[in-house]
Structure formats: structure tokens, C-alpha cells
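Notes to accompany the following structure.
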Amino acid sequence: LQLVRIKVEIKYASEGVRWMHKAMEWSWTEVKSFHRVIARVLTEFKWLLFVIPALLFYLVFLVYPSVSATFYSLTDWDGITYSYIGLENYKEMMDDTNIKTAFVNTLIYAFSITIIQNTLGLLLALVLDRKMRMVSVMRTLFFMPVIFSSLVIGYVWGYMLEPNIGVVNHILGALNLDFLKQDWLGNPKYGIAMIILVTVWQFMGYSMVIFLAGLQGIPKDMYESASIEGAGSFARFKYITFPLLASSFTVNILLTTIGCLKLFDQIYAMTKGGPGYSTQSVATMIYTIGFGSGGQWGYGTAISIVLFVFILIFTSIQVTLLRRREVEY
Amino acid sequence: MGIRKRKVGPYVFQAILWILAVVHLYPIVLVMLSALKTKADLAANPFGLPTKITFEHFATAFQTMHYFKSVFNSLLITSVSVFVLVFIASAAAYAIIRRNNGFYNALYLLFLAGMIVPFQMTMIPLYKVMVKFEFINTYYGIIFVYLGLTASFSIFVLSGFVRGVPKELEEAAKIDGCGLYRTFFSIVMPLMRSAIVTVAILNTFHIWNDFLMPMLFLPKQEMKTLTVQLFSFVGQYFNDWSPIFSGIFLIVYPLVIIYAFAQRFIIKGITAGAVKG
């Protein structure tokens, strides 16, 4: 009997131990999972710390001002005092012919600069993609204007295009082509064209470099097999280069369009939007309205909001259209 | 004939390219030539080489632009901003790409949206922020602004590059007990080297050349940067092109030197992110 009792005790005891074990295990997993939660929160926090510094500066100096601009666009803010006037500014814009000119000009700038700059950039890239002596020096030279400030570039070209002492008219005179001499920037007929020319001149190297990178990503054996199958150089361009450069096109066209819709420095340095309003872009218009005689900041920010929406619509259309062309290879 | 033609062709082609390159760069050469000309020489002969070299205009430009002081200002602002930017932007780009969940994708879009905001929109509210924090006429104030405004583009380029960095190394480092930060600083950042250099260089040019921001936020004479000095210099010597060209020369040629050393990285790296992004 005692033996039985002992056996039972042992049984209970072992059961108890097992229970204890189970209990310990259980609480151990709980501790572990609690620990895991903390660890997860901690790593999540650690990851967050990677973003926080950049995000902080970005929120304070870009996002917050943009959001408050939306508010100011609904006021008659003159830089000091403001009162809420609803959508008045936006209504005023509809009847303002100068604003219309500025928007039309901006579209002209964006459209023509995007097309010309990228066409020339692509041509240059195709030419400078081959193996040649000093080819990298040449790339460097064509890229060089990109590094200078548009203000400085504007001054230099402003001098070159000056009607009396400028280099361009001087050369035309020396070539006995006096009838071609122009007041290049003072004549509303040529002002826009000259600004387009200078902008394309400055940034064509940038497009070139992006296309070059795209070209170098195209596998060479594709060209070889195409040649073997008897494809001429034009066919090779049409069926290999052009489609495979799609992602470079996307980047280039997007960057140029965004840049041109915001075009400011070149115009400010060369014509200040004049003569009259003939070369004014939306960006220079905003500046003129804000810093000009009236100091109509509320109105100015309203225009900038419209410009922002404009850019947003344009770029989203472009992204969807251009991305569709891109292929994996 | 056939053989000769094959040999001559590429040379003609190259010659045409060189002529194009020289014509392309003429405006920049013009700056140097005109800066060295005397006033009479520049008026009579704006196109060609100087007949007599003079440095007199450089002296004028040097003094009026307070060259050393403004170079110091430009250098300080540019280098500190770019240095800090490189760290915070690549950290952000790394987290955005590696986490790759809804929250971080939203952050990515938020950052990208900054690229299409026209600066004129934020200009005046930003000025109010600066006044409120008493950041006007301080170096750190304008550096903070640059960090905020250049974040978008830098993160765009860098994140495109992070996508191409293989994950395996980081995983191996994790198994070896390497913490998140150490992995980032000693493994990921060295791998991102080329993209980082590109971003650093592009932002160096951007900040060095920037005009509106220092114009608005550093109005004090001793704080003015080179571009702002040039602007007031041009205003002062309106239509007197000889000193103006010297002034332009003094601000343009430091860039040419940096560019000469760094062009290898630029041309190669500029698109590392852009094309893949």
C-alpha cells in the first residue's frame, strides 16, 4: 500500500513537475512573445530613425509652406495682413489676360524645350555612344553648361544677344548679313525663341547623359543578332534602341517637362518677362505679382497653386503614357 | 578609293563633332576672353582673342564682390548642406526601399511630390517660417532649408540605386550579429558610393549656384554668397561688361575645376538612380 502511495505520489509529483514545466514553458513563450513585440517595435523605431531626419526638414521647409500656401491662396494677403475672401483670387485669374499669356507661354516653353532638348540629347547620345578616341572628353564638354547657374548663363547670353555690342549681331555684321541683325531679346517675336534656345543649349547635355546610360544598358548581342538577320542601322534603331530606351525617355521627358513648367531663372536673367508680358512664364508672373508694386501675395500663391495642379496633371498623364511603353528585358 | 574613304570618314566625323563641341562651349570661353580684354578692346572686338591682356577688371570684381568672404560663405553653406544631406537622404532612401510596406511607400510618394512643387509657391510661407524660427541671416537656417528642399530629388535618385543593391550582404551581416546602423554605415553606404557621389556633386552645383534662397534669407552684407554678390555687382556695373565678365569668371571657374575632377562620377553616376527609378 505504501508502495502504491509512493507510486501515486511519484506520479502526481511527476505530473506536477510536468505541469510546472508546462506552466513555465507557457509563461516563457509569453515572455518571449512580449519580448518579440518590444523587439519589433524597437526595430520599427530604428528603421523610422532612418527616415526621420530627412522627413523632418522636408516637412518643416517644404510641406508645411506648401500647405499654408493653399490657405493663403484663399485670402487677399499682401504680405502683412490678410482676410479670407474665398475663391475670389481664382475668379480674378479667369479674367486676367496677362495670366493667360503667361500660361500659354509656359506651355510653349514646356512643349518646345522638351521636344528639342530631348531630340538633340538623343542624337548626341547616339553619336557619342560609339568607341572613339577622346569620346569621354567630348561627353564632358557637352555636359558642361549644366553645371553653371542659369542666372550666370542668362547674363552671358544676354550679352551675346545684345543688339549693339552683342557678339551675335557683331558676327552677322562681319559676315555682311546686316539685314539679319535683330534686337533678339527686345523683340517680342524672338524673345521666346531665344529663351528656348538658351535653355536647350544649357540642358541638352543632361538629356544626353541619361540617354547614354540607357544606351549602355542595352545588351550588345541584340544588335549583333539583328545585324546577322540583315537589319539596317535605321531598323536597328527603330526596333531595338528606341523601344529599349523607353525608361530613359520617361525620366528625360518628365524631368524636362517639370523643369520647363517651372522655368524662371533664364527668363528672369534675360528678359525679366518683357517686353511687356511677351516672354513671361507662370513662375516669373508669380514673382512679378508678389514682389511687384501691389505685393498681391494671396493672388500670387493662388496662381502658384494652379501651376502646381497643372504640373501634377501633366506629369501623371505622362507617367501613365510613358510607362506603358517600357518593356522588361 | 574605297579604302581611303573608310579611313577618312571617321576623322571627318570626329572633326565635325569637335567643331560642334567648341561652338557649344563658346559662351563659356567668351567669359574668359572678355574678362581679360580692355574696355576698348571688348567694344571693338567682342568676338575674337584679346589684343592686350589686362587684369584690372579682376581686381575690381575681386574687391566689390568681397571675393574671399563670399567664397567662404558659399563653400561653408554648400559643403555642410551636402555633407549632411548625403547621410540623411541615403538613410531615408534605404529605409524606404528595404521596408517597402504601405507606410514607407506613402512616404516615398510624399517625398516625390516635392519635386513638382514650384518654388514660388512655398517661397513666402517659407520666409514666414524662417522669420518665426529666427533663421534669417544664419548659416544653419539656410542649410536646414536646403536639406528640406533637396531631399526630394536626392531620395529619388538614391532610392532607385538602393533597389539595385543586392540584399544578401545585408542579410549575411545580420546573421553575423551586425546591428541595423552598423550594417547601414559599414556595408550599405559603401555600396551606394557611386550614387552618393553623384547626388553630392549635383547638389553641390545646385546649392553653389542657387540665387533666390540666399538672396531672401541672407540679406546681411557679410553673409552674402557668391551668386548674390554677382547679382548686386551686375546691378552696380549695369552694362559695363568688362568687370561683369571678370565677376562671372570668378564665380564660374571654381566650378569648372571641381567639374574637371569629378566629371567621371557625374557622367557615370548621374543616371544610376534616374534610369532604374
Side-chain angles (χ1 to χ4, degrees), chain A residues 43 46-47 50-51 53-55 57-58 60-62 64-66 68-69 72 79 127 132 136 138-145 147-149 151-152 155-157 159-160 165-167 170-171 209-210 213-214 217 247-248 251 258 262 265 283 286-287 290 297 301 304-305 307-308 311-312 315, chain B residues 14 17 21 24-25 27-28 30-31 43 46-47 88-89 91-92 94-96 99 107 110-111 114-122 124-126 129 144-145 147-149 151-152 155 180-181 184 205 209-211 227 230-231 234 241 244 248 251-252 255 259 263 266-267 270-271 274-275 277:
Chain A
T43 34
K46 273 185 182 170
W47 277 108
F50 275 105
V51 206
L55 191 62
F57 289 116
Y58 183 66
V60 174
F61 296 107
L62 200 135
Y64 170 73
S66 312
S68 54
Y72 287 126
V127 166
M132 216 171 11
S136 68
M138 210 101 85
R139 288 177 195 166
T140 311
L141 292 182
F142 278 108
F143 184 78
M144 191 125 98
I147 69 173
F148 301 120
S149 90
L151 191 78
V152 166
Y155 287 145
V156 175
W157 277 91
Y159 167 78
M160 290 179 40
I165 53 168
V167 176
H170 194 83
I171 295 174
V209 166
I210 290 178
S247 66
S248 308
V251 172
I258 295 175
K262 299 199 284 191
D265 290 8
I286 296 167
Y287 191 83
W297 280 114
T301 40
S304 70
I305 299 278
L307 177 63
F308 174 72
I311 300 177
L312 189 67
T315 44
Chain B
Q14 283 195 30
L17 274 180
H24 191 67
L25 285 186
I28 294 158
L30 173 88
V31 170
F47 178 69
I88 64 174
Y94 176 63
I96 284 170
R99 293 307 286 162
L107 276 186
L110 179 69
F111 275 118
M115 281 173 69
I116 62 170
V117 172
F119 177 66
Q120 286 76 14
M121 182 166 126
T122 63
I124 296 309
L126 181 61
V129 172
F144 289 164
V145 173
L147 292 179
L149 298 192
S152 289
I155 289 175
L180 205 52
Y181 297 123
F184 175 70
F205 291 143
N209 286 331
D210 193 38
F211 162 68
T227 17
L230 179 74
F231 180 72
V234 170
W241 286 94
I244 292 178
I248 294 179
I251 159 168
V252 153
L255 282 181
Y259 179 58
Q263 50 90 11
I266 303 177
I267 307 270
I270 201 174
T271 49
V275 168

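Heavy-atom basis, side chains included; hydrogens, waters and symmetry copies ignored.
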query = What are the two closest non-hydrogen atoms of A:Val156 and B:Pro27, and how far apart are they?
reply = CG1-O, 3.6 Å
request  = Looking only at non-hydrogen atoms, find the nearest pair between A:Phe142 and B:Leu17 and report the distance.
outcome  = CZ-O, 4.3 Å
message = If I measure from the heavy atoms of chain B, does A:Tyr155 come under 4.5 Å with its side chain, its backbone, both, or neither?
response = both
request  = Anything under 30° is parallel, anything over 60° is perpendicular, the rest tilted; go ahead and classify B:Tyr94 against A:Phe50.
outcome  = perpendicular
remark   = What one should report as the nearest heavy-atom pair of B:Leu30 and A:Met160 is CD2-CG, 3.5 Å
query = Which answer fits B:Phe144, side chain, backbone, both or neither, if we ask what part of it has an atom under 4.5 Å from a heavy atom of chain A?
reply = both
Under 4.5 Å from any heavy atom of chain A - which part of B:Leu255 = both
message = If I take atom CE from residue B:Met115 and atom CD1 from residue A:Ile311, how far apart are they, to the nearest 0.5 angstrom?
response = 11.5 Å
ask   = Side chain, backbone, both or neither: which part of B:Val31 has an atom under 4.5 Å from a heavy atom of chain A?
value = side chain
Result of checking B:Thr122, B:Val129, B:Leu126 against A:Tyr64 for side chain to side chain contact (heavy atoms under 4.5 Å, CB included) = B:Val129
request  = Over all heavy atoms of both residues, which pair between A:Ala54 and B:Ala92 is shortest? Give the atoms and the distance, please.
outcome  = CB-CB, 4.0 Å
ask   = If we only count heavy atoms from C-beta on, is the A:Pro145 to B:Leu25 side-chain gap below 4.5 Å?
value = yes
request  = Can you tell which part of A:Leu312 gets under 4.5 Å to a heavy atom of chain B, answering side chain, backbone, both or neither?
outcome  = both
ask   = With only heavy atoms counted, which part of A:Leu151 is less than 4.5 Å from chain B, the side chain, the backbone, both or neither?
value = side chain
note = In terms of heavy-atom pairs under 4.5 Å with chain B, the winner among A:Phe148, A:Trp157, A:Tyr72 is A:Phe148
query = Taking B:Tyr259 for the side chain and A:Thr140 for the main chain, is one N or O donor matched with an acceptor at less than 3.5 Å?
reply = yes
message = So which residue, B:Gly114, B:Pro125, B:Ala89, ends up with the most heavy-atom pairs under 4.5 Å with chain A?
response = B:Pro125
note = Under 4.5 Å to a heavy atom of chain A? For B:Ile244 that would be neither
query = Where is the tightest heavy-atom contact between B:Ala151 and A:Tyr58, given as atom of each residue plus distance?
reply = CB-CD1, 4.4 Å
query = In terms of heavy-atom proximity below 4.5 Å to chain A, should B:Ile248 be classed as side chain, backbone, both, or neither?
reply = side chain
remark   = Closest heavy-atom pair, B:Met121 versus A:Ala69, reported as atoms and distance to 0.1 Å, is O-CB, 3.5 Å
Heavy-atom contact with chain B under 4.5 Å, split by part of A:Leu141 = both
query = Is it the backbone or the side chain of A:Thr301 that comes under 4.5 Å from a heavy atom of chain B, or both, or neither?
reply = side chain
task = Could you check which of A:Ile286, A:Thr43, A:Leu55, A:Val152 has the highest count of heavy-atom pairs closer than 4.5 Å to chain B?
result = A:Leu55
ask   = Relative to chain B, which segment of A:Met144 carries a heavy atom at a distance below 4.5 Å: side chain, backbone, both, or neither?
value = both
